[in-house]
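Accompanying notes for the structure given below.
Read the numbers this way: they start at 1 and go in the same order the structure lists the ligands and their atoms. Nothing here was measured: the structure is a model prediction, and the numbers come from that model.
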Amino acid sequence: MVIFLNGNYVAEDTQISYNDRGIQFGDGVYEVVRVYEGKLFTAEEHFERLVRSTQEIAIESPYSLSEYIEICNTLIERNDIHNGTIYVQVTRGDAIRNHAYPKDVKPNVLLYTNSVERPVNEIQSGIPVITAEDFRWLRCDIKSLNLLGNIMNKQKAVEQGAKECIQIRNGIVTEGASSNVYIVKDGKIMTHPANNFILNGITRRVIQQIAAHENIPFEEVTFDASTLKAADEVFISSTTQEVMPVVSIDGTLINQGNVGPVVKQLQSQFEATIHQLHG
Ligand code: PDD
């Protein structure tokens, strides 16, 4: 396998410096882009978000949108990726440890591929999740490398035999440890507004478009944990999890443990969106 590092396609055991600000401070941002049957899915949207994330922390992205896409396509071809993901990371660069932004530093850019199949069984049967306090920082809109809050909450889920942790800040449901969260109530989809408390998911935007196309009301509103557990249907979304039904929360069954009709409708339209890539 080859990886891309700072302009070169190199072997995967290529080393990066201990002075990388990503290692020492988590001073960088990332993206995960999906590949279906060798084709990039919503890549422009991901790289637009990457550039926005870099701007929010005053890193100048060294590549344009089209350059990132070209790098991805080269990696897909050279690593012979059919179904998988591309991980993209931009850090501020290498500098002697000092908290403030160093001057004249060059960003480190890393891209690599993973072969990953779609989670088809879970998409059909749904997953159990837990809830926990959202104790992350207040700029969750930046796709930052600092993921301690996210990984600590994901670990709680795993330890309780669940697949995701839905996070709750001041009584309000924000998002999953690595996904956006939605409820369906009386035929309406509801999800947290895309502000600083959540990541504005690319899959979330695809779902929003599908909902508009299907005439399903889509409301960006806040709701609390009891509304979550009393919902008709609950689902999460992400680049890797797609439209993933939630069938139990902290042991409480949702829709008697079955995948509901609105989620099924979104899933079938999502499937159609993926297939349009090859059409
Ligand atoms: N995570 N919220 C958080 C906190 C996330 O980490 C993610 C994605 C999402 C969904 O965003 P998108 O639909 O653009 O993938 C929401 C990626 C997949 C990850 O960290 O692996």
Side-chain angles (χ1 to χ4, degrees), residues 22 26 28-36 40-53 56 68 72 83-90 110-119 122-123 127 129-158 163-169 172-183 189 191-211 218 220 234-244 246 266-267 269-270 273-274:
V29 296
Y30 78 103
E31 280 295 328
V32 179
V33 187
R34 198 75 173 90
V35 179
Y36 292 117
L40 290 165
F41 183 64
T42 56
E44 279 190 19
E45 290 83 347
H46 280 280
F47 287 113
E48 274 165 16
R49 187 173 65 187
L50 180 77
V51 170
R52 176 189 180 272
S53 291
E56 290 298 316
Y68 280 118
C72 288
N83 290 314
T85 54
I86 302 185
Y87 179 78
V88 186
Q89 177 175 297
V90 181
L110 165 72
L111 287 91
Y112 65 80
T113 55
N114 278 310
S115 279
V116 199
E117 289 307 324
R118 299 179 57 199
E122 290 180 336
I123 284 173
I127 55 166
V129 307
I130 61 157
T131 58
E133 191 196 337
D134 188 346
F135 52 84
R136 300 173 301 160
W137 70 330
L138 298 173
R139 288 304 308 274
C140 298
D141 56 309
I142 300 173
K143 205 159 168 57
S144 153
L145 295 182
N146 290 273
L147 290 174
L148 264 182
N150 307 60
I151 65 175
M152 287 166 76
N153 275 339
K154 183 75 88 175
Q155 182 61 20
K156 282 179 205 151
V158 170
K163 299 284 179 177
E164 177 58 302
C165 175
I166 294 181
Q167 303 176 110
I168 297 171
R169 193 191 289 271
I172 298 298
V173 172
T174 54
E175 63 178 342
S178 62
S179 60
N180 291 115
V181 175
Y182 314 75
I183 59 172
I189 300 169
T191 194
H192 194 287
N195 57 20
N196 61 307
F197 294 114
I198 69 158
L199 183 75
N200 187 357
I202 305 300
T203 321
R204 180 185 186 277
R205 301 180 209 180
V206 174
I207 290 168
Q208 197 167 7
Q209 283 163 11
I210 291 173
F218 185 101
E220 299 183 82
V234 177
F235 63 101
I236 62 167
S237 77
S238 80
T239 296
T240 48
Q241 301 298 294
E242 303 181 1
V243 180
M244 181 61 76
V246 168
L266 293 173
Q267 285 178 326
Q269 290 303 310
F270 191 82
T273 312
I274 295 172

message: Using a 3.5 Å cut-off on N or O atoms only, is Ser238 in polar contact with ligand 1?
response: no
query: What's the shortest distance from atom 13 (O) of ligand 1 to any protein heavy atom, and which residue and atom give it?
result: Thr203 OG1, 2.6 Å
- line: Atoms of ligand 1 under 4.0 Å from any heavy atom of Gly201, numbered from 1 in the order shown, are 11 (O), 12 (P), 13 (O), 14 (O)
query: For Ile202 and ligand 1, does the shortest N/O to N/O distance drop below 3.5 Å?
result: yes
field: Residue and atom name of the nearest protein heavy atom (relative to atom 2 (N) of ligand 1), distance in Å to one decimal
entry: Glu175 OE1, 2.7 Å
- line: Atoms of ligand 1 under 4.0 Å from any heavy atom of Ala177, numbered from 1 in the order shown, are 4 (C)
message: With a heavy-atom distance limit of 4.0 Å, tell me whether Asn150 approaches ligand 1 through its side chain, its backbone, both, or neither.
response: side chain
message: At less than 4.0 angstrom from any non-hydrogen atom of Asn180, what atoms of ligand 1 do you find?
response: 10 (C), 16 (C)
- prompt: So, are Glu122 and Lys163 salt-bridged, with charged N and O less than 4.0 Å apart?
  reply: yes
Any Glu31 heavy atom less than 4.0 Å from ligand 1: no
- prompt: Are Gln241 and Ser179 linked by a side-chain donor-acceptor pair shorter than 3.5 Å?
  reply: no
Salt bridge present between Lys156 and Glu133 (N-O < 4.0 angstrom): no
- prompt: Does a side-chain N-to-carboxylate-O contact under 4.0 Å join Arg49 and Glu31?
  reply: yes
task: Might you confirm whether atom NZ of Lys154 has over 12 heavy atoms from other residues, nucleotides or ligands at distances under 6.0 Å?
output: yes
query: Are any side-chain N or O atoms of Arg169 and backbone N or O atoms of Phe135, one a donor and one an acceptor, separated by less than 3.5 Å?
result: no
- request: Output the list of atoms in ligand 1 that are nearer than 4.0 Å to some heavy atom of Tyr30, sorted by atom number.
  value: 6 (O), 19 (C), 20 (O)
task: Return a yes/no value for Lys143: is any of its N or O atoms, backbone included, closer than 3.5 angstrom to an N or O of ligand 1?
output: yes
task: Can you sort out which atoms of ligand 1 are near Val32, meaning under 4.0 Å from one of its heavy atoms?
output: 19 (C), 21 (O)
field: Test item: Glu220 side-chain N/O and His192 main-chain N/O as donor-acceptor pair under 3.5 Å
entry: no
message: Among all the protein's non-hydrogen atoms, which is closest to atom 6 (O) of ligand 1, and how far away is it?
response: Ser178 CA, 3.4 Å
message: Tell me whether Glu44 at atom CD has more than 12 heavy atoms from other residues, nucleotides or ligands lying less than 6.0 Å away.
response: no
message: Looking only at distances, can you tell me whether any N or O atom of Asn200, backbone or side chain, sits closer than 3.5 Å to an N or O atom of ligand 1?
response: no
task: Just jot down the ligand 1 atoms closer than 4.0 angstrom to any heavy atom of Thr239, in number order.
output: 12 (P), 13 (O), 14 (O), 15 (O)
- request: Just say parallel, tilted or perpendicular for the rings of Phe270 and Phe41, cut-offs at 30° and 60°.
  value: perpendicular
field: Basic-acidic side-chain contact under 4.0 Å: Arg136, Glu175
entry: yes
